[in-house]
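Worth knowing before you read on, the calculation uses all heavy atoms, side chains too, and leaves out hydrogens, waters and symmetry mates. Order of the sequence lines sets the chain letters (A, B, ...), proteins ahead of strands, with each chain counted from 1.
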2 protein chains.
Amino acid sequence: MNASEFRRRGKEMVDYIADYLEGIERRQVYPDVEPGYLRPLIPDTAPQEPETFEDIIRDVEKIIMPGVTHWHSPYFFAYFPTASSYPAMLADMLSGAIGCIGFTWASSPACTELETVMMDWLGKMLELPEAFLAGRSGEGGGVIQGSASEATLMALLAARTKVIQRLQETSPELTQAAIMEKLVAYSSDQAHSSVERAALIGAVKIKSIPSDGNFAMRASALQEALEQDKAAGLIPFFVVATLGTTSCCSFDNLLEVGPICNKEHLWLHIDAAYAGSAFICPEFRHLLNGVEFADSFNFNPHKWLLVNFDCSAMWVKKRADLTGAFKLDPVYLKHSHQDSGLITDYRHWQIPLGRRFRSLKMWFVFRMYGVKRLQAYIRKHVQLSREFESLLLQDPRFEICAEVTLGLVCFRLKGPNQLSITLLQKINSAKKIHLVPCHLRSKFVLRFAICSRVVESAHVREAWEHLQELADLVLSEAKE
Amino acid sequence: MNASEFRRRGKEMVDYIADYLEGIERRQVYPDVEPGYLRPLIPDTAPQEPETFEDIIRDVEKIIMPGVTHWHSPYFFAYFPTASSYPAMLADMLSGAIGCIGFTWASSPACTELETVMMDWLGKMLELPEAFLAGRSGEGGGVIQGSASEATLMALLAARTKVIQRLQETSPELTQAAIMEKLVAYSSDQAHSSVERAALIGAVKIKSIPSDGNFAMRASALQEALEQDKAAGLIPFFVVATLGTTSCCSFDNLLEVGPICNKEHLWLHIDAAYAGSAFICPEFRHLLNGVEFADSFNFNPHKWLLVNFDCSAMWVKKRADLTGAFKLDPVYLKHSHQDSGLITDYRHWQIPLGRRFRSLKMWFVFRMYGVKRLQAYIRKHVQLSREFESLLLQDPRFEICAEVTLGLVCFRLKGPNQLSITLLQKINSAKKIHLVPCHLRSKFVLRFAICSRVVESAHVREAWEHLQELADLVLSEAKE
């Protein structure tokens, strides 16, 4: 395919995409296929000779689309949102065409420098403390990671290196293994599974702090665990506080937890993967109060800020902590500006070496929306979840299981779990809407997350009516 | 921006991209900018109100392009190639539009299933042993990672878990820490820095095996290190063999190293990040002989197989080893097919949780090129490097520093390193071509890598004439 055919096919693809997204409401949100559906539909081996674009695009409708879960359908209320916007898609096209691999400053200066400045822009939108910004001479700064999991892992690894160095300074006889054996990380029992995973990868213990009645980590429970572990000769070193947990969007109490971490010299990492986007609205910014106690902070613009996946924004107060975690400098990656202190080699900030020009997506989205429209977008989603909450409150058969702060409503049928389990089965068989469950303590709970860029009040009400009908069925069957 | 504006702007972007790539030869391959160039060119904060697409696209030319290293210029001979093709770009546009996050089978069945089948297609193109394929009932299979670094890390973590479990089975009193303190990983002194990094992350020792005169890891050196370490009470557990090293594209001797790993119960991971693409050609397939001894194998179609970044292909013989490294199953990610044994949840195969629909790129590229044209593409690059080699051989001032097997030529000016260092400085000041250096033992060496999809013999000859002129200058200055 040469440039002239790309001009033609690219424009056809643009129309295909616009058609897909304009018509997404008419597609069944969750597919009918069974495991193994795809293999029989395509050949066993790659073709020897070229096939035509027409063949392929026909197969997209025939083979791919029937197996797609349509995350951008207005009937998709599962997980958390994943971002989708036209400006981000345009930027991603450009990023693919430039196709630079921005592992060092020299490998593509624009890729590195736009990222640093965009992370400052976004940090300012969130009113992050100055210490997290790179500015012209700051010690902190931001980096785009692929996912919140990677951000947590990077923070844990940086904290691990830092505590080992600190302890070895005062006790040079301690081996790395002797220290690591005693290291303990902490997060709430509501934290995302990627936190436990980071600890497994980093080969350190992790303890789950019991959350309070609002599913929040509080000072007392953390302090108790710390005292217990220190008394047992262990070495606490890392705490992950979550703002907007995956199960129910609860918020750990930063203003309580933060000062403890600072006093005890524990690295505090904040995971606000979903909720972080909301902090660009002044009325939600208070949820981030206490960020000043943190060493690192992360959230996913690729969830709720209209920047298509992947774009996970991470800031640190001291970039040297991150790069110090495992800086290695082979000759083929050295370049003349490297030691100038002016430049950033992002490969030291992340797990992979290679990286796309992802900041273009932020630049396009922030400029084509402007901060005010981004705020309006967040507010609309919060408004819709409040609308769903108020509908629920009018039906005494249901209960709301956690405070509705942003775009997620956790609810269930009152009574035994089996009622809600059956309700979910009926939802998943009907495939009119899509949502996923969670456990809150012993309760089986349904999560209704406002996700789509194009979801409106009408869709929420339609979903509610559907849920009510299915609940009628569940409850009448249960009576029989 | 609504769908109708996207139709217009998307088509403009398609033309912008086609113009960029058609005209890339006329752009200076390496930028003139100095560190910090970008910040003064753009505002300090994001705009409150929306800006127009025209404003932004104008700024792309004014602010971004002057700072871009043009990786797809035919004058770019640095690092290794990074893939760029129109079919991959079309697929990536579609992937962005579908915008599903394929962490489980249920989160988008097509995303998972196409990946499994595409990895089988590619495995067959490489004639991988059956054990690495998923097929309908295999224990192995492939996964798309973001980068070779992540593949190495995943392999190391799987191997670490496996050896700990094995040792604890026979000696339940051994703690994880007690075992980890003794674990040793091995790679050649020519291995990529990401291997050392994986060991740092995994908190295990890593030893560098001295390579032979052809920069290859051989049995004797590995065996010697193993014996030494075992005698010292350490526990060897993991070996990375490299096919096509970053510095000089040398090949570790798999047929020697493989049997040792099998005999000693060491996990053997093969990193063929660059060279792997060549194995689709029968005449280069012998370089992969010995892969049957490996537990995991990885290469980057996003380097040399026309599938745009990111697409790093990794296969394992036992998928349970990978998923066993840290399988965690929170309720919100459970789904009804999970325990059927028929389905794959790729989140257990990788570091991040989220993942794009990347197999679309493989599908489009394999079908729109066909295997024969992909082979022809590889052959053309190898032919061009041989042409450059033959030019070098005619000029007695230069020496070739490593065998030219694929698309990389390592060379230098005979005599003291300073001559080649000065030559590189002149290349980088002239900015007519772009390349990077490496060290081979004590020698400072220039790497000439055939990279661009559109590079032709004429560009190679032009680069060579340029190099000769600069060499004249260097040598005459040195005489003065």
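Contacts of A/Thr69 with chain B are made by both backbone and side-chain atoms, with heavy-atom separations under 4.5 Å. Proximity to chain B involves both the backbone and the side chain of A/Pro47, based on heavy atoms less than 4.5 angstrom apart. The parts of B/Asp44 that come within reach of chain A are both its backbone and its side chain, each placing non-hydrogen atoms under 4.5 angstrom from that chain. In this structure, chain B has no heavy atom under 4.5 Å from any part of A/Thr112. With a 4.5 Å cut-off on non-hydrogen atoms, B/Met93 touches chain A through its backbone and its side chain both. Using a 4.5 Å cut-off between heavy atoms, B/Pro66 makes no contact with chain A at all. Looking at A/Lys372, both its backbone and its side chain come within 4.5 Å of chain B, counting heavy atoms on both sides. With a 4.5 Å cut-off on non-hydrogen atoms, A/Arg160 touches chain B through its side chain but not through its backbone. With a 4.5 Å cut-off on non-hydrogen atoms, B/Leu157 touches chain A through its side chain but not through its backbone. Interface residue A/Ser147: only side-chain heavy atoms are found under 4.5 Å from chain B. In this structure, no portion of A/Ile24 lies under 4.5 Å from any heavy atom of chain B. Both the backbone and the side chain of A/Asp55 have a heavy atom closer than 4.5 Å to some heavy atom of chain B. With a 4.5 angstrom heavy-atom cutoff, B/Leu41 does not touch chain A via any of its atoms. Both the backbone and the side chain of A/Gln48 come within less than 4.5 Å of a heavy atom in chain B. Neither the backbone nor the side chain of A/Met362 comes within less than 4.5 Å of any heavy atom in chain B. The contact between A/Asp15 and chain B is made by backbone and side chain atoms together, counting heavy-atom distances below 4.5 Å. The parts of A/Thr45 that come within reach of chain B are both its backbone and its side chain, each placing non-hydrogen atoms under 4.5 angstrom from that chain. Both the backbone and the side chain of A/Phe364 come within contact range of chain B, each with at least one heavy atom under 4.5 Å from a heavy atom of that chain. Only the side chain of B/Lys124 comes within contact range of chain A, with heavy atoms under 4.5 Å apart. Contact of B/Val445 with chain A is not made at all, since no heavy-atom distance falls under 4.5 Å. With a 4.5 Å cut-off on non-hydrogen atoms, A/Glu49 touches chain B through its backbone and its side chain both.
Between A/Pro437 and A/Phe444, the closest heavy-atom pair is CB-CZ, 3.4 Å.
No side-chain heavy atom of A/Leu38 sits less than 4.5 Å from a side-chain heavy atom of B/Thr116. Side-chain contact check for B/Pro87 versus A/Arg9: every heavy-atom pair is 4.5 Å or farther apart. Using a 4.5 Å heavy-atom cutoff, the side chains of B/Leu114 and A/Ile42 are in contact. Side-chain contact between B/Phe366 and B/Leu122 is present, with at least one heavy-atom pair separated by less than 4.5 Å. Side-chain atoms of A/Ser4 and B/Glu22, non-hydrogen and from C-beta on, never get closer than 4.5 Å to each other. With a 4.5 Å cut-off on side-chain heavy atoms, B/Glu12 and B/Ile57 do not count as touching. No side-chain heavy atom of A/Ile351 sits under 4.5 Å from any side-chain heavy atom of A/Gln145. Between A/Asp120 and B/Arg39 the shortest side-chain heavy-atom distance falls below 4.5 Å.
Between atom CG of residue A/Leu353 and atom CZ of residue B/Arg197 there is a gap of 7.0 Å, rounded to the nearest 0.5 Å.
Put simply, of B/His302, B/His70, B/Gln425, B/Met89, the one with the most heavy-atom pairs under 4.5 Å next to chain A is B/Met89. The most heavy-atom pairs under 4.5 Å with chain A, out of B/Tyr20, B/Phe357, B/Tyr16, B/Trp363, come from B/Trp363. Between chain B and the residues A/Gln375, A/Arg7, A/Met368, A/Glu181, the most heavy-atom pairs under 4.5 angstrom are made by A/Arg7. In terms of heavy-atom pairs under 4.5 Å with chain B, the best-connected choice from A/Glu150, A/Met125, A/His72 is A/His72. Comparing B/Ala97, B/Ser108, B/Gly102 by heavy-atom pairs within less than 4.5 Å of chain A, the highest count is held by B/Ser108. Per-residue counts of heavy-atom pairs under 4.5 Å with chain A were compared for B/Ile63, B/Asp19, B/Asn428, B/Leu360; the largest is that of B/Asp19. Interface check for chain B: of the options A/Thr175, A/Leu153, A/Leu21, A/Val60, the most heavy-atom pairs under 4.5 Å are formed by A/Val60. The candidate from B/Ser84, B/Pro43, B/Cys111, B/Ala148 with the greatest count of non-hydrogen atom pairs under 4.5 Å with chain A is B/Pro43. For chain A, the option among B/Asn2, B/Ile64, B/Leu94, B/Ile101 with the highest count of heavy-atom pairs below 4.5 Å is B/Ile101. Among A/Ala178, A/Ser312, A/Ala110, A/Gly146, the residue with the largest count of heavy-atom pairs under 4.5 Å with chain B is A/Ala110. With chain B as partner, the option from A/Val117, A/Ile201, A/Asn308, A/Asn300 having the largest number of non-hydrogen pairs under 4.5 angstrom is A/Ile201. Taking chain B as the reference chain and counting heavy-atom pairs below 4.5 Å, the highest number among A/Gly10, A/Ala18, A/Ser149 is found for A/Ala18.
Checking side-chain atoms of A/Glu113 against main-chain N and O of B/Tyr37 turns up a donor-acceptor pair under 3.5 Å. Put simply, the side chain of B/Ser95 never gets that close to the backbone of B/Ala91: no donor and acceptor are under 3.5 Å apart.
Taking the six-membered ring where tryptophan is involved, the planes of A/Tyr86 and B/Phe6 are essentially parallel, since the angle between them stays under 30° and well short of 60°. Taking the six-membered ring for Trp and thresholds of 30 and 60 degrees, B/His434 and B/Tyr30 have nearly parallel ring planes, at less than 30 degrees apart. Note: A/Trp71 and A/Tyr79 have parallel aromatic rings, judged against thresholds of 30 and 60 degrees for the angle between ring planes.
A salt bridge does not link B/Arg356 to B/Asp310: none of the charged side-chain nitrogens sits closer than 4.0 Å to a carboxylate oxygen. Under 4.0 Å is where a charged nitrogen must lie from a carboxylate oxygen, and between A/Glu5 and A/Arg8 no such pair does.
Judged by a 6.0 Å distance limit and a 45° cone about the ring axis, A/Arg447 is positioned over the six-membered ring of A/Phe80.
Counting only N and O atoms by type, the side chains of B/Glu196 and B/Ser193 include no donor and acceptor under 3.5 Å apart.
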